[in-house]
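All values derive from a computational prediction rather than experimental measurement. Note: hydrogens, waters and symmetry copies are ignored here, and every other heavy atom, side chains too, is used.
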Amino acid sequence: MTAFDLDDAWELHPQVAVRPEPFGALLYHFGTRKLSFLKDLAIVAVVRNLSEHADARGALSAAGVGDADTARYAGALATLASARMLVRRNTTPVGGAR
């Protein structure tokens with residue numbers, strides 16, 4: 001399983017689409033053709049908003065995930081990262097430092 005660091009910046013893989021469903025959401029990776037079912041509205045909110053936060057911990061907090069549930073959600077995020085649904089976000093400024 002891919003290591004998932006809650007203090008890193010993460011985002012949906014560019015080839016992943018999120019489709020809302022009554023039970024939560026479907027994630028479909030157009031590159032690998034993998035499908036993931038998200039059956040928890042909080043994890044859907046976290047996944048959708050990862051790119052809006054400096055790190056995954058911030059996205060968890062914004063979705064109302066408390067400290068007691070952080071490990072469980074981190075495990076779910078790790079599973080999505082190992083399936084290449086989530087990737088580390090490049091935080092290097094455009095043009096980068098030389």
Quiz item: Can any side-chain N or O of His29 pair as donor or acceptor with the backbone N or O of Thr32 at less than 3.5 Å?
Solution: yes
Quiz item: In terms of hydrophobic clustering (I, L, V, M, F, W, Y; side-chain heavy atoms under 4.5 Å; direct or indirect links), are Tyr28 and Phe23 co-clustered?
Solution: yes
Practice problem: Any chance you could measure Leu86, atom CG, to Leu12, atom CG, to the nearest 0.5 Å? | Solution: 6.0 Å
Quiz item: Between Gly24 and Leu41, which heavy-atom pair has the shortest distance, and what is it?
Solution: CA-CD2, 4.0 Å
Quiz item: Checking His13 side chain against Gln15 main chain: does a donor-acceptor pair fall under 3.5 Å?
Solution: yes
Quiz item: Do the side chain of Asn49 and the main chain of Glu52 share a donor and acceptor less than 3.5 angstrom apart?
Solution: no
Exercise. For the pair Arg57 (side chain) and Thr70 (backbone), establish whether a donor and an acceptor sit closer than 3.5 Å, ignoring hydrogens and angles.
Key: no
Exercise. Indicate the atoms forming the closest heavy-atom contact of Leu38 with Ile43, along with that distance.
Key: CB-CG2, 4.1 Å
Exercise. Output yes when a side-chain donor or acceptor of Asp69 lies under 3.5 Å from a complementary backbone atom of Val65, and no otherwise.
Key: no
Quiz item: Would Tyr73 end up clustered with Val87 when hydrophobic side chains under 4.5 Å apart are linked, directly or stepwise?
Solution: no
Exercise. Determine yes or no for a side-chain-to-main-chain donor-acceptor pair under 3.5 angstrom, with Trp10 supplying the side chain and Asp5 the backbone.
Key: yes
Quiz item: CG of Asp67: more than 12 outside heavy atoms within 6.0 angstrom?
Solution: no
